[in-house]
*Asks:* 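Take this structure first; my questions come after.
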Amino acid sequence: MQEGPFLVRTRYAPSPSGTLHIGGARTALFSFLFAKHYGGDFVLRVEDTDRARLVSGSEEALMRSMESLGILWDEGPDVGGPYGPYRQSERLVEHQRYAAQLLDEGKAYRCYCTPEELDAARKARQAQGLPPRYMGTCRKITVDDPIHQTHKPYVLRLKIPLSGVTVVDDMIRGHVSFDNAILDDFVIVKTDGTPTYNFAVVIDDWAMHISHVIRAEEHLSNTPKQILVYEALNFSLPQFAHIPMVLAPDRSKLSKRHGATSVEEYAAQGILPEALANYLLLLGWSAPDGREFMTVADAIPLFSLDRVQHTAAVYDQKKLEWMNAQYLKSLPVTTVAQAVRPFVEKLGITMEHGPSLEEGVELVRERAHTLQDLAEGMRFLWQNPEEYDAKGVDKHFSNPEVVARLQALAETMEQLSKDQWHHDGLVQAFDQLATQLGIKRAELIHPCRLALTGRTVGPGLFELVVVLGQEETVARLLTVATALSRGALKLEHPIG
RNA sequence: GACCCCAUGGUCUAGAGGCCUAGGACAUCACCCUUUCAAGGUGGUAACCCGGGUUCGAAUCCCGGUGGGGUCACCA
């Protein structure tokens with residue numbers, strides 16, 4: 001707790017209309033960190049008033065994504081809390097009560113204009129180069145007007161001041177003032193009786209005792225409207241903080257055409273949630289000491305809004321992957337193994353025989369950027385290569401001596417005892433054979449790797465052989481030697 | 001278009017008037033290491049949007065321009 005007697009309470013309020021967007025994830029993350037930094041509470045609220053846009057299952061998905069990133073809420077639709085309900089739709093009665101109050105007090109009025117009329121008026125104004133505002137046609141209707149006795153559908157509009165300015169005191173941007181003259185009497189309750197966002201959000205934040213409204217910059221322009229609602233309702237204002245947006249590499253708003261944009265998609269790509277959270281943390285915020293590699297928990301004591309950038313940030317897939325590689329290398333083997341398991345299974349690999357998954361992870365994680373890379377890189381441990389890299393074959397299998405060399409190598413490998421089956425023992429064996437054949441060690445190493453894995457790239461040969469095991473190594477060497485002597489080796493040509 | 005926000009290398013950023021010949025990270029290039037590819041190490045290329053002020057002094061303050069982003073719904 002920093003200043004004042006009030007507990008810091010922040011919230012993230014997504015609408016359940018899709019997956020958790022990385023921009024939203026970052027907003028939630030910052031909001032969470034701010035609350036936790038001051039020992040406060042972080043609240044999850046689902047803004048589900050628009051039934052038309054509701055996507056079933058997305059509330060669950062949203063929560064799973066947030067949890068994976070370590071953004072944990074103290075109160076929310078699943079766990080409840082003292083200031084519920086935590087679904088906007090469940091607060092309808094309260095919204096309507098406040099709306100009725102404003103109507104009684106003459107701070108709001110019924111508007112009978114049809115969407116068609118409004119649309120026509122808007123177009124007319126735009127044609128004249130005027131801003132498309134509502135001109136207050138129904139504002140002039142008196143309370144005793146007979147129209148109220150008819151059953152024409154209506155909306156409720158807020159009667160806003162015709163002049164003056166509304167100032168948003170933003171923790172990141174300072175004082176931002178808006179001329180009331182450019183605002184119009186916006187709708188607070190729709191024809192069907194449900195509240196609009198700008199109305200409901202105010203009541204919800206007030207009812208939930210939110211002290212700091214931290215959200216994306218796209219909401220800054222809506223804030224004066226909300227402040228007007230706060231004032232009409234005689235609610236005290238929370239603190240506002242509008243954080244910059246996350247943009248696509250072409251500086252446009254992030255959308256599907258930019259590839260992966262949701263936490264779910266990154267997970268499917270093999271990005272660890274720890275890495276994504278860390279990367280998101282760096283998008284618009286920097287630690288006082290310049291440290292980049294840190295967990296969400298590490299960031300709590302360091303986080304502050306005054307170190308949040310004012311400029312929109314462009315996300316960079318390359319740096320995300322670099323970050324992911326850092327985590328792949330440093331997380332406990334068992335953690336990585338657990339994370340990569342589904343990716344390995346997806347490749348159709350069964351691990352009943354051969355090395356353990358942990359051994360595989362240890363062997364190849366150094367050179368993987370994603371869990372997909374990792375799974376693909378471990379494949380040869382449990383599956384015989386079916387095809388062999390064409391360029392590699394050309395390079396390492398073209399010498400007619402190769403068949404004999406592979407056979408000799410298989411024999412040498414077979415003769416090694418169990419206690420010689422380690423890195424140094426293998427090096428010794430390879431050296432001896434190379435000397436015997438009058439060739440360099442590398443002339444044994446490269447064909448051997450290709451025979452064992454089908455590829456020319458991968459882990460160090462001796463490490464690889466140790467893990468692959470004696471039986472399998474000998475078998476594969478002989479298989480290739482035989483296929484080669486019959487000219488029956490299947491080649492894999494690189495795509496493209 | 002109107003209103004609002006913003007402006008340091010390709011990208012994320014440090015910088016709160018002299019500490020800046022502008023620092024770090026990703027990416028990129030070169031070299032080293034080396035059984036391949038990575039990783040790692042070393043070094044390099046690369047930025048204060050432009051123009052006016054203010055000041056002894058400006059990346060840092062002010063104004064204008066330009067550029068980018070956002071908002072203008074009975075969506076949230």
Side-chain angles (χ1 to χ4, degrees), chain A residues 13-17 47-50 52-53 88 111 113-115 118-119 122 126 129-134 153-157 168 170 172-173 176-179 181-184 186-198 200-201 216-225 242 244-245 247 249 251-253 279 282-293 306-307 309-323 325 329 364-369 373 377 392 395-396 427 430 440-446 448-450 453 455-462:
Chain A
S15 69
S17 55
E47 304 205 332
D48 58 346
T49 46
D50 187 4
R53 293 210 317 175
Q88 194 164 62
C111 171
C113 298
T114 65
L118 294 171
D119 201 45
R122 193 178 301 130
Q126 272 175 324
L130 294 165
R133 327 171 25 219
Y134 175 66
Y154 60 85
V155 298
L156 249 40
R157 287 183 184 272
V168 180
D170 191 273
I172 293 175
R173 323 214 166 242
V176 183
S177 62
F178 296 83
D179 224 317
I182 61 149
L183 268 22
D184 61 1
F186 57 94
V187 175
I188 56 175
V189 177
K190 308 177 210 170
T191 308
D192 65 1
T194 60
T196 59
Y197 167 74
N198 284 129
V201 73
E217 195 191 337
E218 55 186 323
H219 290 284
L220 184 57
S221 300
N222 281 324
T223 309
K225 290 184 183 177
H242 289 93
M245 318 252 326
L247 267 26
R251 301 205 67 84
S252 70
K253 213 171 169 179
Y279 176 71
L282 264 27
L283 225 49
W285 178 79
S286 59
D289 61 0
R291 191 152 57 109
E292 296 205 327
F293 197 64
D306 55 12
R307 292 193 65 82
Q309 201 74 11
H310 294 193
T311 324
V314 173
Y315 89 97
D316 180 12
Q317 177 82 15
K318 281 273 177 50
K319 186 155 184 177
L320 207 209
E321 285 184 14
W322 167 81
M323 183 67 81
K329 279 184 283 191
V364 301
R365 67 162 160 182
E366 183 82 5
R367 58 208 83 217
H369 280 82
D373 291 349
K395 197 168 178 183
H396 304 298
V427 172
F430 268 68
K440 285 185 290 182
R441 188 163 84 189
E443 288 179 88
L444 238 29
I445 287 172
H446 294 299
C448 182
R449 185 202 322 282
L450 185 57
T453 71
R455 323 247 348 243
T456 56
V457 300
L461 183 74
F462 303 114

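Sequence lines set the chain letters: A, B, ... in the order given, protein chains first and strands last, and positions in each chain run from 1.
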*Asks:* Does a nitrogen or oxygen in the side chain of A:Arg441 sit under 4.0 Å from OP1 or OP2 of B:U35?
*Replies:*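 Answer is yes, contact under 4.0 Å.
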
*Asks:* Quick one: which protein N/O atoms are closer than 3.5 Å to N/O atoms of nucleotides 39-42 of chain B? Pair and distance per line, please.
*Replies:*
unit_1	atom_1	unit_2	atom_2	d
B:A39	O3'	A:Lys329	NZ	2.9
B:A39	O2'	A:Glu366	OE2	2.6

*Asks:* Among B:C5, B:U35, B:A76, which is the nearest nucleotide to the side chain of A:His446?
*Replies:*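 So the nucleotide nearest the side chain must be B:U35.
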
*Asks:* Please classify the nucleic acid contact of A:Gly290 as base, sugar-phosphate, or nothing, using heavy-atom distances under 4.0 Å.
*Replies:*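 Nothing, no heavy atom under 4.0 Å.
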
*Asks:* Would you say the side chain of A:Glu292 and the base of B:G24 hold a donor-acceptor pair, judged only by whether the two atoms sit under 3.5 Å apart?
*Replies:*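 Counting by modelled atom types and ignoring angles, a donor-acceptor contact under 3.5 Å is found here.
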
*Asks:* Expressed as a whole number of Å, how far does the C1' atom of B:G64 sit from that of B:A7?
*Replies:*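 Approximately 15 Å lies between the C1' atom of B:G64 and that of B:A7.
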
*Asks:* Expressed in angstrom and rounded to an integer, what is the separation of A:Ile182 atom CD1 from B:C72 atom C1'?
*Replies:*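 Distance check: A:Ile182 CD1 to B:C72 C1' gives 8 Å.
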
*Asks:* In whole angstroms, how far is the P atom of B:C72 from the CG atom of A:Asn198?
*Replies:*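 Answer to the nearest Å: 8 Å.
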
*Asks:* Write down the distance between CG (A:Leu444) and P (B:U36), rounded to a whole number of angstrom.
*Replies:*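 In whole Å, B:U36 P lies 15 Å from A:Leu444 CG.
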
*Asks:* Taking the side chain of A:Lys318 as heavy atoms from C-beta outward, which of B:U36, B:U35, B:A27 is closest to it?
*Replies:*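 Among B:U36, B:U35, B:A27, the one nearest the side chain of A:Lys318 is B:A27.
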
*Asks:* State which of B:C75, B:C5, B:U71 makes the closest approach to the side chain of A:Val176.
*Replies:*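 For A:Val176, the side-chain atoms sit closest to B:C5.
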
*Asks:* Nearest whole Å is fine: how far is B:U13 P from A:Asp289 CG?
*Replies:*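 For the pair A:Asp289 CG and B:U13 P, the rounded distance is 17 Å.
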
*Asks:* Whole-Å distance between B:A27 P and A:Leu282 CG?
*Replies:*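 These atoms are roughly 14 Å apart.
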
*Asks:* Provide, to the nearest angstrom, the distance between the CZ atom belonging to A:Arg122 and the C1' atom belonging to B:A73.
*Replies:*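 Atom CZ in A:Arg122 sits about 6 Å away from atom C1' in B:A73.
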
*Asks:* Looking at A:Lys395, I want to see if its NZ is surrounded by more than 12 non-hydrogen atoms of other residues, nucleotides or ligands under 6.0 Å.
*Replies:*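 Open.
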
*Asks:* Write down the distance between NZ (A:Lys253) and P (B:G69), rounded to a whole number of angstrom.
*Replies:*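 A:Lys253 atom NZ is separated from B:G69 atom P by 12 Å.
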
*Asks:* Do the rings of A:Tyr197 and A:His219 sit parallel, tilted or perpendicular, given the 30° and 60° boundaries?
*Replies:*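 If you compare the ring of A:Tyr197 with that of A:His219, the planes turn out tilted.
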
